[in-house]
Structures are given as C-alpha cells and as structure tokens.
Amino acid sequence: MKDTKPSWFYLLLLILSGEAIFILPFVLPRVFRPTVLDVLEVDNVQLGLCFSVYGLVAMVSYILGGPLADKYPPRKLIAIALWLTAIGGFLFLQYPALWLLQVLYGWWGFTTIFLFWAPMIKATRVWGGANSQGKAFGFLDGGRGLTGALFSLLGVVVFSFFLSDFPAEATLEQRKEAFTYVLYSSSVIIILIGVLVWFFMKTPNSGEKEVLERISWEDIKQVLRLPSVWLLMVIILCGYVGYKITDIISQYAEEVMHYDQVDAAKVGTLLQFLRPTTGIIFGLIADKLKITWLLVVSFVLTLLGGLLFASGIIAPTTTLLFFMSVVVIAAGVYATRALYFGVMQVGKIPLTLTGTAVGLISLVGYTPDVFAGPAYGTLLDAHPGEEIGHQHVFWMLSAFALVGGVAALVYHRKYGKAT
C-alpha cells in the first residue's frame, strides 16, 4: 500500500497555525505584560480573571470540540478558528473596558479550543505514526515555540520602532500607540496563516480515514477506563501550571532585575526562543530513548528552576544566575509540553478516539487556565513590585512540578517498558 503519511509542509502549516492562534490571548500579554497592564488599566488579578473566563469557556469547548475532531478533518476547522481569533484582535486594540475584555477572552476560549485544539493534536499524532510520536510532538511544540519567538521578536521590533529613542522615558500614550501597531501586525498575519491552511494544508487519505461517524457514550467510557488518561490529566495540569507561570518572567525582569520595558520584553522573547530549542532537542531524542523517562526528567528540571527563583538568591547583582535559571526553568517547562501528548501512543489510547481522549484529558489538564492567573496575580498584587510576591509564585510552581513528576514517574513505570 502506498504511504500516505502527511508531508513536512503539512506539519509546517500545523506548527504555524498551532502558535499563531495563541499569539493574541497569550504570547503578546506574556512578552509585553507590563505594557498590557498599563494600557488596559488593569492589575494582575483583573488580567488573571480574564484568563479565567478564557479557561471556563475552554473547559466546555474541550469536551464539545474533542469529539468534533474525531468526525471531521482538521483543515477547515483550523482555518476558521484562526480567522475568528484574529477578529478578536481588532477588538483588543480598542483597549476595551474590563467587562468587555473578559467577554473577548471568553470568545478566544471558544475560537482557540472548540474548533482548533483537538484537531491539532490528532493531526500531529497521525503525522507521527507508530514510531515518531516524540519527533512529531517535539517538532510541533518546538516549532510553535519558534513561531511564538518570531512573533515576539517582530512585536519587540515594531514596539521599539514606534517608541522614543529612550524607551524608559516613553509616556503611556506613546507605549499605547506602539503596542497598537503590534496588535494590528499580529492580527493580519494570523488571517494570512488561516488562508494558507485553508488552501494548502492537504489532509492525506490516512488522516481522512481516522474519523468516526458518531461518538457514543461507550466510546467515552472506553477512554475513561484507561489509566493513562487519568495520569495524563494530572501530568498536563501540573506541567501547564509551570507554563502559565512563565508569563511573569518578563515582569520579574522589570520589577526584580530593574530592566526597562524594552529589555524586559527582550527577556520574554528570549524565553520564546528557548522553547523551540528545547522542543526539538527533546523530540529528536525521545524516539531513541524512553519518552516516558524524559517526561520525568523534564519535571525535575522544572522543579529545580522553580526552587532557584523561589529561594530569593536571584537579584539585580546576579545577572548570570538569573539567565541560567531562566534557561533551566524553560528547559523543564517546554520539554514537558513537548512530551506529554507524545506518550499517548504508549499509553494505549486508540488513534480513532484521540480527539475524545484529548477533550477529556484537557478538561482537567488545562484547568490552570481558570485558576493559575488569579492565583499568581493575587500573590503578586499582595506585594506589588516586590521580590517576595514573585518568590511565592515560584513556590507554587515548585509544588506542582513535584506532583507532576510523581505522576510522570508512575506513568513511566506502568507504560515505559513498551517504549
């Protein structure tokens, strides 16, 4: 039989769309967090509540959108999701009031999850086949990281271009105008990627066949009977808390390391470039070593990085230690993201039920979208501009990394021998 495995161009479009769709709700607020807080006139808790609205809508979307991915091929679902997300970007650049901002994040919770999330994961699993799951998901997350880094770099360049020669002296209006150009540029690019996906992300016959006419309660019960599904719920929840907390790295650079707005954004961009490096490296070695064991190692790195920040030894006088700690925590967090869906194959989750399984796993695994933002926002706002608030956030990260590491170890012992 002729091999109908999806092409590398198929994976490239999957990577581009996989990060572009999250640029507006997550990447830009991560890289430009101090500016976003100022121009929207919100504090950490209020922005965190917007993420919570996103998370609540996403919870419903995971369940409803998961089976959708088992019924329809991904191309049209992904393209429509990109266009609908970009429409939200044009509302975002009006800098709406808090209530409307929360509505917008609810809209993004629908567009980025219901039509997009499970189709992306399933398409990646199809591309990886039986023997390249580590490579597939490592390249996906690494490639998404590179896409996010390039968007971040473009954003910093545009932002810097429209500021004065002395960014530290820029007024709020100047920063707002500069950030408006960043939002315009990002929204247009997301629309264009949607066009490319619509016309050129051709799904091979093998991908088209991996669908079901309908999803029954028996299918759902079959998925819920798998121990790997329950373990992945815990693993992804703990790993995603770490990823969410990387949102404050640029804020840490400004408030603790005393960097200016542009230099703080550059630190956020550096973090984005560490993601593709980590994802690709771990993806390449995951299929040669035990992918489940590497998942355990990734949580150990996250724990180590969290403890370095939580200890309080990182200060403006320890620039080298700061950047070393950023690298360690990024390696752990991004390796976890690159690997956790890659272990579905060894966990004996049927390919035809991937979308349903992803929906159920994500319902629990991505609850940090609901609670992480308000949690670390509360910790930061309790000590505004002070290092101690950041330390409390990283103690929170360390605790979740420890729990996730234990769950990953159990998964390794149960399924690792099959890799």
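This structure is a prediction, so every number in the text was calculated from the model and none was measured.
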Item to check | Full working for side-chain contact (heavy atoms from CB on, under 4.5 Å) between L40 and F92 | outcome: CA-CA 9 Å; L40 289 173; F92 193 29; 3.7 Å; yes

Item to check | L37 and D43: CA distance, side-chain angles, deciding distance, side-chain contact (heavy atoms from CB on, under 4.5 Å) verdict | outcome: CA-CA 6 Å; L37 293 174; D43 58 27; 5.8 Å; no

Checklist entry - Can L339 and F282 be said to form a side-chain contact (heavy atoms from CB on, under 4.5 Å), step by step? => result CA-CA 8 Å; L339 298 174; F282 273 76; 4.0 Å; yes

Checklist entry - Going through the distances and angles, do F400 and T302 end up as a side-chain contact (heavy atoms from CB on, under 4.5 Å)? => result CA-CA 9 Å; F400 276 95; T302 303; over 6 Å; no

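A pairwise comparison of heavy atoms in T336 and S298 identifies OG1-OG, 2.9 Å as the closest pair. In terms of heavy atoms, I189 sits closest to L154 at CD1-CD2, 3.6 Å. Residues R175 and P34 come closest through the heavy atom pair NH1-O, 4.3 Å. Summarising the geometry of A401 relative to F299, their closest heavy-atom pair is O-CD2, 3.6 Å, with the distance given to 0.1 Å.
Residues I313 and T318 are not in side-chain contact: their nearest non-hydrogen atoms beyond the backbone lie 4.5 Å or more apart. Between F394 and L308 there is no side-chain heavy-atom pair separated by less than 4.5 Å. Inter-residue side-chain proximity for V256 and I314 is flagged as unmet; no heavy-atom pair is nearer than 4.5 Å. Between R413 and L409, some side-chain heavy-atom pair lies under the 4.5 Å cut-off. You'll find the side chain of L100 stays beyond 4.5 Å of the side chain of L104, heavy atoms only. Between V158 and Y184, every side-chain heavy-atom pair lies at or beyond the 4.5 Å cut-off. Side-chain contact between L295 and Y411 is absent, with no heavy-atom pair separated by less than 4.5 Å. Looking at heavy atoms from C-beta onward, I190 lies out of side-chain contact with I21 at the 4.5 angstrom threshold.
With hydrogens and angles disregarded, a donor-acceptor distance shorter than 3.5 Å links the side chain of Y95 to the backbone of T180. Proximity of a side-chain donor or acceptor of S186 to a complementary backbone N or O of L183 within less than 3.5 Å is not detected. With hydrogens and angles ignored, the 3.5 Å screen pairs no side-chain donor or acceptor of R275 with any backbone N or O of G142. At least one donor-acceptor pair closer than 3.5 Å links the side chain of S17 to the backbone N or O of L14. With Y105 contributing its side chain and P25 its backbone, the two residues share a donor-acceptor pair below 3.5 Å. Side-chain N or O atoms of Y415 include one that pairs as donor or acceptor with a backbone N or O of S228 at under 3.5 Å.
Taking the six-membered ring wherever Trp is involved, the centroid distance between the rings of F51 and F26 falls below 6.0 Å.
Using cut-offs of 30° and 60° for the angle between ring planes, the Y366 and Y340 rings count as perpendicular. Ring geometry for W293 versus H412: interplanar angle of 30 to 60°, hence tilted.
Annotation for F90: atom CZ counts as buried by contact number, over 12 foreign heavy atoms lying within 6.0 Å.
Note that K244 lies outside the cation-pi zone of Y376, set by a 6.0 Å cut-off to the ring centre and a 45° limit from the axis.
Partners of F114 according to the ring-ring contact (aromatic ring centres under 6.0 Å, His included) rule, which considers only residues two or more places apart in sequence or in another chain, are F110. Not counting sequence neighbours, W395 has no partner by the ring-ring contact (aromatic ring centres under 6.0 Å, His included) test.
The distance from atom OG of S362 to atom CD1 of I236, rounded to the nearest 0.5 Å, is 6.0 Å. Atoms CG and CG, from L380 and L47 in turn, are 11.0 Å apart once rounded to the nearest 0.5 Å. A distance of 5.0 Å separates CD of Q251 from NE2 of H390, quoted to the nearest 0.5 Å. Within the model, atoms CE of M396 and CG of L379 stand 7.0 Å from one another, a figure rounded to the nearest 0.5 Å.
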Anything under 3.5 Å between a donor and an acceptor, one on a side chain of residues 76-87, the other on a protein residue two or more places apart or in another chain? List them.
| from | atom 1 | to | atom 2 | distance (Å) |
| --- | --- | --- | --- | --- |
| W83 | NE1 | I191 | O | 3.1 |
| T85 | OG1 | A81 | O | 2.8 |
| T85 | OG1 | T111 | OG1 | 2.9 |

